[in-house]
Amino acid sequence: MDYMIAVIPGDGIGPEVTGEAVKVIEKIGGKFGHSFVFSYADAGGAAIDKTRQCLPGKTVDICRAADAVLLGAVGGPKWDSLPGEKRPEKALLGLRKELGLYANLRPAILFEELADDCPLKPEIVAGGIDILVVRELTGGIYFGERGTTMTKMGPAAYDIEQYSEGEVRRIATTAFEMAMKRNKKVTSVDKANVLESSRLWRRIAAEVAEDYPEVEFGNFYVDNAAMQLVRDPKQFDVILTSNLFGDILSDEASQVTGSIGMLPSASLAEGNFGMYEPVHGSAPDIAGMDIANPSAAILSAAMMMRYTFGLDKEAEAIEKAVASVLAEGYRTADIAEEGRETIGTAEMCRRICDAI
Ligand code: NAD
C-alpha cells in the first residue's frame, strides 16, 4: 500500500525543515516496510513568485489527491508590502477552507532535557508538561460575517462570532477521542458568562461529554484558562476551544515549553485527512544557513503517522528518536544553553534517522 503525501515546502526555512522531515519519513518507510510517495506543490511566497497567486488551484488539487499534506511555512519580508488579500499567509486560510481542516491539534510538550528553556519555575513544571490544545479551525469569528457601519461614536467595524451545534459537536468529539488515547481529561474553554455563542458551546460540549463517561470533563472561562496555563499547566490534558480562544491559548501553551523549534501541529479534516506543519514560521532571519531546528517538522511527520495513517509504532519511533538525540546532548542553536556546542539542521536530522 502506498501512502501519498503532498509536500508544500513554502518559504524561508520551510524547504530546509520539510526536506529533513521527508528524509525521516523515508527512513521510517525503509525500517517498517511502507511505501511513502511524495508530490510537491507551491504555496505562499514561492507560489506568488511563480504564479502571482499565493495558493494556486493546482496546489489544492495536489493536496486533495494525497492522503496527507506536509507544510513547511510561508511568508517573509520579500512579500510583506503586498496587500492583505495577496500575502503569502493568506494561503494558510485558503488551505484550511479548501481542505475542510476543522480541527487544529497543537501539542505543548516540555521535553525533560529542555526543562531549562521553560520560562516557568522548575517546581511548577517538575515531571514535564504534556498538553494537547484542540482548536476549532473553520468557524467562529475568523470566518463569520464582518463589515463596517456608522455609529453615534463614528465609523465602526464588527466581526461576528457564530457557532452551530454541529460544528461544536464535531470538534468536541475530536477532543474526547484524543483524550481517550491520552490521560482522559478534557477542559473546555469558553466565555459562557458573557457570550451567547459560548453558552451554546458549553451546552454541546457537556452533551458530548456524556458519551465519554471515562473522561474527566470540566469548563474554564478563557481568562481563567490563560491564567491557569502559567500557574499550574500540569492540570491540563486536552484543552478544547474555539478558533479565536484556541489561537491565543495554543501560542501561550507553546511558549510554556520555551522551544518553538520543537513544536509540531496537525490540522485534521473528516476521514483522517490532515495537514501537518511546524508551529513556527518561515524564520527568514536564519533561512539557508543550516541552523534551523528540523525537530518541529520531524515531529509533525510523527503526528501524520499517528493521525492520518494510524501508524502508532512508527510515530513513537520518530518521537523516541528525537528524545534520544536530545538525551545524548545534541542541540541546534535555538535550544542550546550558552557555551554548549551546537549542530546544524542536516546533522540533527541525520542523528534522528540514526536513532530510528
Ligand atoms: P518565526 O516563527 O518564523 O520566527 C520567530 C523566531 O524564532 C525567529 O528568531 C526565528 O529565527 C526563530 N525560529 C523559528 N523557527 C525556528 C527553527 N525551526 N529553528 C530555529 N529557530 C527558529 O516567526 P516570525 O518571525 O514572526 O515570522 C516570520 C515569517 O513567518 C512571517 O512572514 C510570518 O508571517 C510567517 N509565519 C508563517 C507561519 C506559517 O506558515 N504557519 C506561522 C507563523 C509565521
Side-chain angles (χ1 to χ4, degrees), residues 7-21 24 41-49 54-55 59 63 69-97 99 101 104-106 111 114 117 119 135 137 142 243 246-248 250-252 254-255 257-267 274-301 303 322 325-326 330-337 340 342-349 352:
V7 183
I8 303 179
D11 308 315
I13 60 169
E16 295 167 62
V17 297
T18 49
E20 302 306 332
V24 169
D42 288 316
I48 292 172
D49 287 352
C54 64
L55 184 62
T59 295
C63 292
V69 181
L70 177 68
L71 175 87
V74 296
K78 184 175 174 192
W79 307 279
D80 273 353
S81 57
L82 292 174
E85 280 300 302
K86 299 204 160 139
R87 285 175 64 110
E89 292 83 351
K90 192 78 188 162
L92 299 173
L93 283 182
L95 282 166
R96 284 173 198 168
K97 199 166 155 238
L99 302 175
L101 304 170
N104 184 225
L105 312 186
R106 290 262 302 254
F111 286 85
L114 302 180
D117 291 342
R135 166 190 172 196
L137 204 58
Y142 292 176
N243 205 342
D247 192 2
I248 299 162
S250 58
D251 265 14
E252 187 190 357
S254 66
Q255 283 310 302
T257 72
S259 333
I260 194 162
M262 298 297 303
L263 297 170
S265 79
S267 300
M275 185 166 91
Y276 299 84
E277 58 180 314
V279 162
H280 59 71
S282 60
D285 51 330
I286 57 167
M289 297 165 72
D290 189 39
I291 56 173
N293 187 346
S295 304
I298 290 169
L299 291 168
S300 300
M303 292 185 85
V322 171
V325 169
L326 292 178
Y330 296 107
R331 302 282 188 274
T332 45
D334 57 309
I335 51 171
E337 57 275 39
R340 187 192 276 263
T342 62
I343 60 175
T345 313
E347 190 180 346
M348 187 70 171
C349 178
I352 291 168

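When reading the values below, keep in mind they use all heavy atoms of this one structure, side chains included, and skip hydrogens, waters and symmetry mates. Every number for a ligand or one of its atoms is a count from 1 in the order of the listing.
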Can you check [atom]: any protein non-hydrogen atom closer than 4.0 Å?
atom: atom 26 (O) of ligand 1; value: no
atom: atom 10 (C) of ligand 1; value: yes
atom: atom 37 (C) of ligand 1; value: yes
atom: atom 1 (P) of ligand 1; value: yes

Next item on the list: Output yes when a side-chain donor or acceptor of Thr59 lies under 3.5 Å from a complementary backbone atom of Asp42, and no otherwise.
Entry: yes

Considering non-hydrogen atoms of the protein only, which is the closest contact for [atom], and what is the distance?
atom: atom 21 (N) of ligand 1; value: Ile286 CD1, 3.5 Å
atom: atom 40 (O) of ligand 1; value: Val74 N, 2.9 Å
atom: atom 28 (C) of ligand 1; value: Pro284 CD, 3.5 Å
atom: atom 3 (O) of ligand 1; value: Ala283 N, 2.7 Å
atom: atom 29 (C) of ligand 1; value: Ser282 OG, 3.2 Å

Look at [atom] and find which of [options] reaches it with the closest heavy atom.
atom: atom 23 (O) of ligand 1; options: Ala296, Ala91, Pro88, Gly281; result: Gly281
atom: atom 33 (C) of ligand 1; options: Met262, Glu16, Glu89; result: Glu89
atom: atom 8 (C) of ligand 1; options: Asp251, Asp285, Ile335; result: Asp285

Find all atoms of ligand 1 within a distance of less than 4.0 Å from any non-hydrogen atom belonging to [X], and give their numbers and elements.
X: Ala73; result: 40 (O)
X: Gly75; result: 32 (O)
X: Glu277; result: 41 (N)
X: Ala292; result: 19 (N)

Under-4.0 Å heavy-atom contact with ligand 1, by part of [X] that carries it:
X: Pro294; value: neither
X: Asn293; value: both
X: Ile13; value: side chain

Looking only at distances, please establish whether an N/O atom of ligand 1 is found under 3.5 Å from an N/O atom of [X].
X: Gly76; value: yes
X: Arg87; value: no
X: Ile260; value: no

Item checked: Member of Ser295, Pro294, Ser259 meeting the side-chain contact (heavy atoms from CB on, under 4.5 Å) criterion with Thr332 -> Pro294

Next item on the list: Could you point out which residue of Val17, Val24, Ile343 forms a side-chain contact (heavy atoms from CB on, under 4.5 Å) with Cys349?
Entry: Val24

Check: Does Asp11 come within less than 4.0 Å of Lys78, counting only side-chain N to carboxylate O?
Finding: no

Next item on the list: Examine ligand 1 and decide if any of its atoms is less than 4.0 Å from a heavy atom belonging to Leu92.
Entry: yes

Next item on the list: Just jot down the side chain to side chain donor-acceptor pair (under 3.5 Å) partners of Glu20, sequence neighbours excluded, or say none.
Entry: Lys23

Checklist line | Any side-chain heavy-atom pair of Glu277 and Ile8 under 4.5 Å | finding: no

Next item on the list: Evaluate whether atom CD of Glu337 has more than 12 neighbouring non-hydrogen atoms of other residues, nucleotides or ligands under 6.0 angstrom away.
Entry: yes

